[in-house]
Amino acid sequence: MMGKRKIEIMDTTLRDGEQTSGVSFSAAEKLTIAQLLLEELNIDRIEIASARVSEGEFQGVKGIMEWASAKGYTDKIEVLSFVDGGVSIEWMKKAGAKVQNLLTKGSLNHLTHQLKKTPEQHFNEIAQAIALAKENNIETNVYLEDWSNGMRNSPDYVFQYLDFLTQQPVKRILLPDTLGVLIPSETFEFISKITAKYPNTHFDFHAHNDYDLSVANVIEAVKAGIHGLHVTVNGMGERAGNAPLESTVAVINDFIPEVSINVKESSLYSVSKLVETFTGYRIPANKPIVGDNVFTQTAGIHADGDNKNNLYFNDLLPERFGRKRKYALGKTSGKANIEKNLQELGLHLNQEDLKLVTQRIIELGDKKETVTKEDLPYIISDVLDSQTYEERITVESYVLVHSKGMRPSTTLCLKIDGEIIEENAQGDGQFDAFMNALAKIYKSKKMSLPKLVDYAVRIPPGSSSDALCETIITWVNNDKEFKTRGLDSDQTVAAIVATQKMLNVVSI
């Protein structure tokens, strides 16, 4: 009997997932997610960034590559690169990256109207980019951007390109449904043709979810003989996002028995929740596998026992995805106890970060009775986030007054570069009064404040009234949107914490 066909899973949460509107991971968050994807979830490969993007991106990649190098994972970490005469390769060399995913044109339409080049010109430049990578000991995979439309509208070009590309020293060819336009029957037809024509080449499929068909297309790609799949945690990504890792894994394990994947199902939930916390993008309660409500029926079924012959039973048991048990943590928790709880969530922190998290739990434990396991990702996110900027501006003290029949008012004492300034203001609510007092201080210093455009509050699912409260505020500064988060047992205090972070972010 033949063994199962192995499918590689490539996670692109840190690259394509970060293209979700308003999402930007800090270097510390990127490293934490990279570690979890490779060591906890057992993902085969991860795409972590685009070359040449920014100094912050460069530092993030460098940090991940230093960690990966020490662990022997450098061949599992990939960077999106461009046909740019070697600029991407130079960037990757400096960052220590060893695998490029070269972005090229997979449709004649893109090639003709965007690049305004002939196929021969494009192929020649690609060959040079691949040769240069090889000279610098960088492995090459190649993306065919807009491949799905290429197969629909210019298949002759796609096959002309693949005839050329399959003769190049390329490890994998990556076939993206860039605009999320494929229906399952087309996915099966197009990929079947390609895997039949080039049986010795490794092909990946990269699905987008614009019509909510990404997982259906993934199934058809696997049936058509694909060798690898691209996914993101929680289906994050541009527009409607990418194929979600969680659903892809469950579907393959339950419905395609002839193939095998390495992903560790039991860690899916904890990683999903941590990414949710880092991004501020809430997972819908009814999202398959990781949503808060998707296993609520199970308790009733078990209570009913076998009386009704398991009429409502399916294979999606919560235990499979690590959804179980709560642990109470509080101000008496020691480091070892917290570490044990982190392990239950599949999280690993270095000693320095662990110390900071322990300290934060003790502080919070003074304000509320218990810190639950569900609170932990919020606390870690808060601690890691606070390390990414220098605190030039601090809220030294404040008095919030809210009396029946009177407008709320705030007296605020702010320290800017060592100078203490005090101001008082009224507002429609306590936080509004706080912001008005802050605006007065900034006006007196001839400094400008970003505009607050969104304010969201959440508590960990299943928490009681003494729960931790996370406030996520979206700001706009010079036409750029960014988010800051604050964590406290009091909602207004959490908002003030988020605002202090904002003041320091914009002062950099």
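The structure displayed is predicted, hence computed values, not measured ones. For this chain, numbers begin at 1 and follow the sequence in order.
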| message | Keeping Asp84 on the side-chain end and Val87 on the backbone end, is there a donor-acceptor pair under 3.5 Å? | response | yes

| said: With rounding to the nearest 0.5 angstrom, report the CD1 to CD distance, Ile183 to Glu220. | reply: 10.5 Å

| Of all residues at least two apart in sequence or in a different chain, which pass the side-chain contact (heavy atoms from CB on, under 4.5 Å) check with Leu179? | Asp146, Asn149, Val181, Arg239

| message | Using only atom types and a distance under 3.5 Å, with no angle test, would you say the side chain of Asn262 pairs donor to acceptor with the backbone of Asn42? | response | no

| remark: Heavy atoms of Val218 and Ala207 approach each other most closely as CG2-CB, 4.3 Å

Listing, residues 64-76 side-chain donor-acceptor contacts under 3.5 Å, not counting sequence neighbours, or none:
unit_1	atom_1	unit_2	atom_2	d
Lys71	NZ	Glu39	OE2	3.3
Tyr73	OH	Glu39	OE2	3.0

List, one per line, each side-chain donor-acceptor pair under 3.5 Å for residues 123-135, sequence neighbours excluded.
unit_1	atom_1	unit_2	atom_2	d
Glu125	OE1	Lys117	NZ	2.9
Glu125	OE2	Lys117	NZ	2.9

| request: Starting from the C-alpha separation in whole Å, work towards a yes-or-no answer on side-chain hydrogen bond (donor to acceptor under 3.5 Å, both in side chains) for Gln160 and Glu120. | output: CA-CA 10 Å; Gln160 179 193 357; Glu120 291 69 27; 3.3 Å; yes

| field | Heavy-atom check, side chain of Phe482 versus side chain of Thr474, under 4.5 Å | value | no

| Under the side-chain contact (heavy atoms from CB on, under 4.5 Å) criterion, do Trp91 and Val61 qualify, and how do the steps go? | CA-CA 10 Å; Trp91 192 95; Val61 172; 3.8 Å; yes

| said: Around atom CG of Asn478, are there more than 12 heavy atoms from other residues, nucleotides or ligands closer than 6.0 Å? | reply: no

| Test log, rule side-chain contact (heavy atoms from CB on, under 4.5 Å), inputs Asn153 and Leu108 | CA-CA 8 Å; Asn153 307 317; Leu108 197 54; over 6 Å; no

| task | Report the distance from atom OG of Ser154 to atom CH2 of Trp147, rounding to the nearest 0.5 Å. | result | 12.0 Å

| With under 30° as parallel and over 60° as perpendicular, where do the rings of Phe203 and Tyr198 fit, or are they tilted in between? | tilted

| field | Pair Thr178-Glu145, side-chain hydrogen bond (donor to acceptor under 3.5 Å, both in side chains): steps then yes or no | value | CA-CA 6 Å; Thr178 305; Glu145 189 182 7; 5.5 Å; no

| said: Less than 4.5 Å apart, side chain to side chain, heavy atoms only: is that true for Met236 and Thr279? | reply: yes

| task | Indicate yes or no: at least one non-hydrogen side-chain atom of Leu111 is less than 4.5 angstrom from one of Lys116. | result | no

| query | Looking at residues at least two apart in the chain, or sitting in another chain, which of them share a ring-ring contact (aromatic ring centres under 6.0 Å, His included) with Tyr455? | reply | Phe431

| message | How close do Leu37 and Val233 get, counting heavy atoms only, and between which atoms? | response | CD2-CG2, 3.9 Å

| message | For Ser81, is there any backbone N or O sitting under 3.5 Å from a side-chain donor or acceptor partner on Ser88? | response | no

| If you measure from the Lys or Arg side-chain nitrogens to the Asp or Glu carboxylate oxygens, is any gap between Asp163 and Lys197 under 4.0 Å? | yes

| query | Do Thr484 and Trp475 have side-chain N/O donor and acceptor atoms under 3.5 Å apart? | reply | yes

| said: Do the side chains of Arg45 and Asp11 get close enough for a salt bridge, i.e. N-O under 4.0 angstrom? | reply: no

| said: Contact between Val142 and Leu174 at the side-chain level, heavy atoms closer than 4.5 Å - yes or no? | reply: no

| request: Indicate yes or no: does Arg5 engage Glu258 in a salt bridge with an N to O separation below 4.0 Å. | output: no

| message | Tell me if a side-chain donor or acceptor on Glu481 pairs with a main-chain N or O of Val476 at a distance below 3.5 Å. | response | no

| message | Pair Leu182, Phe205 - check side-chain contact (heavy atoms from CB on, under 4.5 Å), show working. | response | CA-CA 12 Å; Leu182 288 180; Phe205 177 58; 4.1 Å; yes

| query | Tell me, which pairs form a side chain to side chain donor-acceptor pair (under 3.5 Å) where one or both residues lie in residues 226-235, sequence neighbours left out? | reply | Tyr143-His230, Asp204-His230, His206-His230, Asn234-Ser272

| With sequence neighbours excluded, what pairs up with Phe188 under the ring-ring contact (aromatic ring centres under 6.0 Å, His included) test? | none

| query | Would you say Thr20's side chain and Gly237's backbone share a donor-acceptor pair under 3.5 angstrom? | reply | yes

| field | Option among Arg15, Lys98, Arg172 that satisfies the salt bridge (charged side-chain N to carboxylate O under 4.0 Å, His left out) test with Glu78 | value | Arg172

| query | Judged by atom type as modelled, is there a donor-acceptor pair below 3.5 Å linking the side chain of Asn242 to the main-chain atoms of His208? | reply | no

| Is the side chain of Lys105 donor-acceptor paired with the backbone N or O of Leu115 at a distance under 3.5 Å, no angle test? | no

| Backbone N or O of Pro244 within a donor-acceptor pair of the Ser247 side chain at under 3.5 Å? | no

| request: Could you grab the distance from atom CZ of Arg52 to atom CG of Leu80, nearest 0.5 Å is fine? | output: 9.5 Å

| said: Between Glu246 and Arg320, does any NZ, NE, NH1 or NH2 come within less than 4.0 Å of an OD or OE carboxylate oxygen? | reply: no

| field | Thr248 to Ala243 - nearest heavy-atom pair and separation | value | OG1-CB, 4.1 Å

| With a 4.5 Å heavy-atom cut-off, do Thr12 and Ile46 have their side chains touching? | no

| Hey, is the main chain of Val23 close enough, under 3.5 Å, to the side chain of Lys483 for a donor-acceptor pair? | no

| query | Considering only heavy atoms from C-beta outward, does the side chain of His122 approach that of Thr104 to under 4.5 Å? | reply | yes

| query | Quick one: do the Gln100 and Asn141 side chains pair a donor with an acceptor below 3.5 Å? | reply | no

| Ser21 side chain near Tyr281 side chain, heavy-atom distance below 4.5 Å | yes

| Does Val99 reach the side chain of Ile138, with side-chain heavy atoms less than 4.5 Å apart? | no

| task | State, to 0.1 Å, how close Tyr211 and Gly180 come at their nearest heavy-atom pair, and which atoms those are. | result | CD1-O, 3.2 Å

| Quick one: CD1 on Ile173 to OG1 on Thr201, what's the gap to the nearest 0.5 Å? | 5.0 Å

| field | Contact summary for Pro176 and Leu144, nearest pair of heavy atoms | value | CD-O, 3.0 Å

| If you measure from CG on Asn217 to OG1 on Thr187, what distance do you get to the nearest 0.5 Å? | 3.5 Å

| field | Glu29 side chain to Ser26 backbone, donor-acceptor under 3.5 Å | value | yes

| field | CG-CD1 distance between Leu41 and Ile33, expressed to the nearest 0.5 angstrom | value | 11.5 Å

| task | Dump the intermediate steps for side-chain contact (heavy atoms from CB on, under 4.5 Å) on Asp254 and Val251, then the final yes or no. | result | CA-CA 5 Å; Asp254 288 359; Val251 162; over 6 Å; no

| note | Nearest heavy-atom approach of Thr195 to Ile226 is CG2-N, 4.4 Å

